[in-house]
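The figures that follow rest on heavy atoms only: side chains count, while hydrogens, waters and symmetry mates do not. Fair warning: this is a prediction, and the values are worked out from it, not measured in the lab. Every chain is numbered from 1 and lettered A, B, ... according to where its sequence line falls, protein lines coming before strand lines.
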Amino acid sequence: MILLEIEEKWQKKWEDARIFYSDPKDMKKFFVNFPYPYVNGFMHLGHSFSLMRAEVFARYKRMCGYNTLFPFGFHATGTPIVAAAERVRDGEKSQIDILEKMEVPKELIPKFSDPEFWVRYFPEESIKDLKLLGLCVDWRRSFITTSLNPFYDKFIRWQFNKLKEKNFVVKGEHPVTWCPKCNNPIGDHARLEGEGITPEEIILLKFKFENKILPAATYRVETVFGVTNMWMNPGTKYLEVEVDGEIWIISPVAAEKLINQKHKINIIKELDSKELIGKSCENPLTGDRVPILPATFVSPEIGTGVVMSVPSHAPYDYIALKDIQSNPSKYGVPDSLVRNITPIPLIVVEDFGKNPAIEISEKMGISSQEDVDKLEEATNIIYKKEFHQGILNERTGKYKGIKVSDVKKIIVTDFVNSGVASLFFELPGKVVCRCLTQGVVKIVSDQWFLAYGSPEWKGLAKKCLAQMNIYPEKARKQFEYVLDWLKDWACTREFGLGTKLPWDEKWVIESLSDSTIYMAYYVLAKFFEDPSYKIDPQKLDDYFFDYVYLKLGNLEEVSAKSGLSKELILDMKKEFEYWYPFEFRNSGKDLIQNHLSFCIFNHAAIFPEELWPKGFGVNGWVLVDGEKMSKSKGNFYTIKQIVKMYGADAARITLMNGGEGLDDPNWDSEFARTITDKLKNWQDFCIENYGKGRTEKLYIDRWFLSVLDKAIKETTEAMNDTNFRTALSKGFFDLQRDLKWYLKRCLNSPNKEVISEVIKTQTLILAPFTPHICEEIWEKLGFEPFISNASWPEYREEMIDKISEESEYYIEEVVNDIREIISVLSRGEQKSLEKIEIYTAENWKWDLIEIIKTKENMGEAIKTAMSNEEFRKNGKDVNLIIQRCFKNRYFPERFDEKEVLNEAKKFLMEEFKTEVNIDPKEDPGNDRKKAIPRKPGMHIYFK
RNA sequence: GCGGGGGUUGCCGAGCAUGGUCUAAGGCGCCGGACUUAAGAUCCGGUGACGCAGGUCUUCGAGGGUUCGAAUCCCUUCCCCCGCACCA
């Protein structure tokens, strides 16, 4: 059963009482937020974990006496929605399927051909779903991004003008994976094929051929010193092309690529490779003349279709060369041309001989250039080894004696500067756009960048990070690394929803760049989203945001320009000054390397130090019953579905119990299914027991109060560190177990004060996790609504009582010992007991422990003990006790064992359903002698 | 390769900072029992091995070391996961 009715009831009450509508007040504040979701679908389980961490923290802080703000926006910036809308318009089946699978009402689907409809529809639906979860969000502040929201649009323009003023926006060019049809970069998510593939730099080495250039493409520039010949594919056409004033011979595909990579080209004529094969060209570095030979492994699709041959270090080259040397006529070249070609060793690696490619080919038994799998493997092995360990030999001239990994960059720069080489970008694999077009590399010029690579900006960002709380602290290193590693970020696109770049309106600001400081916008959204303020966005320009956010300009002027009253403007300003900066922003760990770091950078650039972010939380990715969530696996759930199946409280607590830290949290369906009953039982228990019970005080009451206080302490610590699973574990599951033990121990007759205290505390601890049922309990117990606004239980050091805990632990151990003896003796058979006799340790044994506990070591302890005559009488036992204590470094706290046992006597009798005697006069088995402090002797009699 | 995080008893997952009550919490699963006409749920007990009196022996990726004592500290080694971007 689930608790939908109760949930609805309280959600309505919260809304009616507007308790989560947070306004500035004369009290300490806490601002929590969460990266707004992209509105191309419903919110799902994947969002919900990160979200719930913000939610639980917000509720917790509220109970700790903070005026807490938790706003929630929606992100529409970027290309996916526009692209998806286009696909709907084109009637593309796969896209319509996606919408149908999401359970979008069928009749609405045609409307999704308009991007604006997505932007209206999904935020509305998401808000409904999130309300079902019982979030403590101030919904007045919700908004969408892009120019569809003119206020936000103005805000982003302001932000970019600020960045520009500080020279943090710069112009430049960079290579991207590009779709020629969509005329846009193809991000990973927009690919049918080729995820993770990015442009790689490859070097074109300009071999001279007649007056022309034969550009050989290679990842291994350093091997140019060992070239023995060139390879061209005998079966394909080549082109003679004018490239930047030189004549190049390259494959047709390569010519296309050059156009996209900012080269001016002009095709002169087509060439048959036969016109070149058999002739020779000149190595631009060594001046050697080398023959051009045919090889089928050369692909015209990759690089330039021209490959240099280094048989000493490249297995492909070696095998092809061997093929051709063994049968030149088959390849149509004269024997004289190839007979004398011998591999030229260049790179020295300890474990390899002179010609590693030959060795490995022989070892792996590679016989033909068609044996692609083995050749790839061999190439990889050699490449890795030579790159990391290889040292260049004398043939490489001035690079001799240097490690390949150290010298590679230098060589490239040298070659490019001296004009013998040219940079080129290549995709190391096939990329296919969602529109089915194959991706290419394009060098985008006139591109605007956020200069995250700038050292001064990095400096500010690092300073910002240093003053932040990172939850978990473990993730800080990751942030430090990212701040260092980030380079300039291309912040504009030619296509998609968003805000236009204020000074260059052909560009739209890209989605990760318009979402960096918008937490400050929530503060104003309260005003912008409320039409009764009659704010005209057209009148709000930079001067306005300057005033409200940065205290620049003067009120008179701002009021005059904006047409807003001074009071209103001051209210906005005060609101901002009250709430900002934010204390906690939580997201998945995947956002560390972009969004969260960008957030740091942009705050550091625009705002003064006191307004920099105060804390980030990051977490892993939700697993569903141990498996990755995915639509294809059929374990993909929206928030709506989850709430329907399990209820909001169950969903919330299941999420928070699923994990913490950077590990992937796990949604446990079994837990979700069973937890509601447990919560319901708790409710019943509370109602049944609150304010009832005996007034007499027992040991066990003292014990439980101590345990309760410890639980509060540990739970509070966990909550403060956003370790919510630990908090649940200590503050709910452990506490419930202790409660059970307590009830058992007091034979179901709890002390009135104690039980009431526990009920109250436990319910308060649960409130951030399962607020609905806790509200219900709170109300039933007669407290003022709302528990959401009640105070988190306070920990009181003086309630911790070590002696009670010790003595209770003692009882537990007595029970365990009795059980063990019974089980050993009964050997699986059922035997009934006649009686149990327990003998506590004599007083002198306790005295002994008091004396030896302060001693440094065993020797000293024995010495001291034996100086006392009474101990000396029992020398053997004294020795035993001392040994035990020192072996475990454990000296029990003294308490009256007999008294404790006597109080627990009824319980023990109940537990073992037999007679129990404590310290009986008769001791036929001489069991008392075996007793040591905290470990009584005992004798068990069977019938 | 670079950077980060990990390898714990059937599984999940604590513990490791501050070495000793650590055979190592808790959950799940499994076994036994109670309840029930029965199933489910719930509750109790067990769940490394051996043990006819509360004990003994063996385990924390692997190997070595420090220590009276190591899951915890040090060294070596193997393996796994995540990120490395132009994007939500």
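One finds no side-chain N or O of A:Arg934 lying less than 4.0 angstrom from the OP1 or OP2 phosphate oxygen of B:U21. Between A:Lys487 and B:C84 there is no side-chain polar atom (N or O) within less than 4.0 angstrom of OP1 or OP2.
Between A:Phe34 and A:Phe72, the angle of the ring planes stays under 30°, which puts this pair in the parallel group of the 30/60° scheme.
Checking B:G13, B:A53, B:C43 against the side-chain heavy atoms of A:Ile821 singles out B:A53 as nearest. Of the candidates B:C84, B:G45, B:C86, the closest approach to any side-chain atom of A:Trp489 belongs to B:C86. Checked against B:C86, B:C52, B:C87, the side chain of A:Ala490 finds its nearest nucleotide in B:C86. Side-chain atoms of A:Val824 lie closest to B:C52 of the nucleotides B:C44, B:A85, B:C52. Listed candidates were B:G5, B:A85, B:C44. Nearest to the side chain of A:Trp485 is B:A85. Here B:A53 is the nucleotide among B:A14, B:A53, B:G4 with the atom lying nearest to any side-chain atom of A:Leu825.
Taking A:Asp923 as the reference, nothing meets the salt bridge (charged side-chain N to carboxylate O under 4.0 Å, His left out) condition, with sequence neighbours excluded.
Separation of the P atoms belonging to B:A70 and B:C57 is 14 Å when rounded to the nearest angstrom. Taking the P atom of each, B:A25 and B:C16 are spaced 14 Å apart, rounded to whole Å.
Across all strands shown, A:Asp488 has heavy atoms under 4.0 Å from base atoms, whether or not it also approaches the sugar-phosphate. Residue contacts for A:Ile592: at a heavy-atom cut-off of 4.0 Å it reaches no nucleic acid atom on any strand shown.
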